[in-house]
Undergrad: 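Below you will find the structure I want to go over with you.
In what follows, every chain begins at residue 1, and chains take the letters A, B, ... in the order their sequences are listed.
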2 protein chains.
Amino acid sequence: MARWQPGARERLQSVALRLFAERGFEQTTVAEIAAAAELTERTFFRHFADKREVLFAGQEDFLQLFTDPIEAAPAGTPAYELVRRALEAAGEFFPLERRTFARTRAAIIGGEPALQERELGKLASLKTRLGELMRDRGIGEPTATLAAEAGVTIFHLAFQQWIADGEERSMGELARERLDAMAALVSV
Amino acid sequence: MARWQPGARERLQSVALRLFAERGFEQTTVAEIAAAAELTERTFFRHFADKREVLFAGQEDFLQLFTDPIEAAPAGTPAYELVRRALEAAGEFFPLERRTFARTRAAIIGGEPALQERELGKLASLKTRLGELMRDRGIGEPTATLAAEAGVTIFHLAFQQWIADGEERSMGELARERLDAMAALVSV
DNA sequence: GTCTATAGTGCGATAGAC
DNA sequence: GTCTATCGCACTATAGAC
């Protein structure tokens, strides 16, 4: 018999989400999360660099969502078209079933400035990675960085609307709407 | 004779900047900053909500830099033109003399993920405020939010280039370059 | 102004899997 | 034997409560 149960990381994450939703992020201690997952505080910090990270870890596939369609595009594809393709692909990764979970998680994050900061930090690394990818494809500066910033921003705004109260449209539809609004904004 | 020296807040800020530059942010304790400013730890936290905030407090005039030109614009001015005017005004607030200070501060922030997160948070509140201002002027969604996001992003990218090693162009010039790049990006 | 809870770190011990 | 996941304990600094 194993000395410890497998899936410690996932257990910590789901327990943390539940406790944060019930009592709030600040009102939940790491010790409580660890105890509820039948682990110790020390083990929590082995898996997550800090308390906030338990809500954000494990989103590596999320990154690929953007990079895959960009890498698959033919050489010479203009920056804006790369952004459009990445958003199109990202839109398909947010089916309606995920919306309830996403709303729970967003409610926790939205109520805590420290968690909002972390979310912005994650989006910033995504922007950095996409900018590098653009430059690797021969797109110059400042266009590469700007395209990456614009793409992630449009995704984020679409996502926030997607989880807004009463919103029923799909992620893809909302992303397209914001992409069009961006084009309209600068074409005065 | 005064029981305490005036300018406690400013003293804490300049002492903190110096110590952070010398030893690094994490390697400097709040107790050390307070002692060097001849104050107590408690006084530090009376002025700043947390350790990071000492590097960011006192930027209220920075907000007005963007809002003033937008409020001064005639009714019916399109969103993109409002952004252009705000950037134009912001450009004038960064004279060459500030560049050395800005570089020191940026070096501290750039070496510490926690400080980068706080900076992104500050920029996010600026985006929120500008979005409200746009909506107050009758600009609808998602254009208002998008314009605010684009404007602050362009400002931030221009600022980062302004403090880059060897860069000698003015803030206004760099902002215009990025604004043009944004227009070029979507006009495919 | 003082006290204390909690986050987060460093290092070592332990117990299995291989 | 090596490697890895967990635990135990001592410790510091932040930040908030009193």
Undergrad: Using whole Å, what does the distance between atom P of nucleotide C:dA7 and atom CG of B:Asp50 come to?
TA: 16 Å
Undergrad: Atom CD of A:Glu26 and atom P of C:dA7: how far apart are they, to the nearest Å?
TA: 8 Å
Undergrad: For the ring pair A:Phe56 and A:Phe62, is the centre-to-centre distance below 6.0 Å?
TA: no
Undergrad: Which nucleotide in the set D:dA13, C:dG1, D:dT6 lies at the smallest distance from any side-chain heavy atom of A:Thr43?
TA: D:dT6
Undergrad: Would you indicate which nucleotide in C:dG8, D:dT6, D:dT14 comes nearest to any side-chain atom of B:Lys51?
TA: D:dT14
Undergrad: Using the side-chain heavy atoms of B:Glu41, tell me which of these nucleotides is nearest: D:dA5, D:dT14, C:dG10.
TA: D:dT14
Undergrad: Can you identify which nucleotide, out of D:dT14, D:dC18, C:dC11, has its nearest atom closest to the B:Phe45 side chain?
TA: D:dT14
Undergrad: Side chains of B:Leu174 and B:Glu167: closer than 4.5 Å at any heavy-atom pair?
TA: yes
Undergrad: Between B:Glu53 (CD) and D:dG16 (P), how many Å, whole number?
TA: 12 Å
Undergrad: Using heavy-atom distances to pick each residue's nearest nucleotide on DNA chain C, tell me which of A:Ala49 and B:Thr40 is more 5'.
TA: B:Thr40
Undergrad: Are A:Glu149 and B:Arg178 close enough that some pair of their side-chain heavy atoms sits under 4.5 Å apart?
TA: no
Undergrad: D:dA13 P sits how many Å from B:Glu32 CD, rounded?
TA: 8 Å
Undergrad: Given atom CZ of A:Arg9 and atom P of D:dT4, what is their separation to the nearest angstrom?
TA: 16 Å
Undergrad: Could you check whether any side-chain N or O of B:Glu32 sits under 3.5 Å from a backbone N or O of B:Thr29, counting only pairs where one atom can act as donor and the other as acceptor?
TA: yes
Undergrad: Send over the distance from B:Phe44 CZ to D:dA13 C1', rounded to a whole Å.
TA: 12 Å
Undergrad: Test salt bridge (Lys or Arg N to Asp or Glu O under 4.0 Å) on B:Arg169 and B:Glu177; report intermediate values, then the result.
TA: CA-CA 11 Å; B:Arg169 282 168 292 174; B:Glu177 187 176 294; 2.8 Å; yes
Undergrad: Taking only the side-chain heavy atoms of B:Arg42 (C-beta and beyond), determine which of C:dA7, D:dC18, D:dA15 contains the nearest atom.
TA: D:dC18
Undergrad: Can you tell me if A:His47 touches the phosphate of D:dT6, counting only side-chain N or O atoms and a distance under 4.0 Å to OP1 or OP2?
TA: yes
Undergrad: Could you tell me whether the side chain of B:Arg46 has a donor or acceptor atom within less than 3.5 Å of a complementary atom in the base of C:dG1?
TA: no
Undergrad: Round to a whole Å and report the spacing from CD of A:Glu112 to C1' of D:dA15.
TA: 14 Å
Undergrad: Considering only side-chain heavy atoms of A:Trp4, which listed nucleotide, C:dT9, D:dT6, C:dT2, is closest?
TA: D:dT6
Undergrad: Rounding to an integer number of Å, can you tell me how far B:Phe48 CZ sits from D:dT14 P?
TA: 14 Å
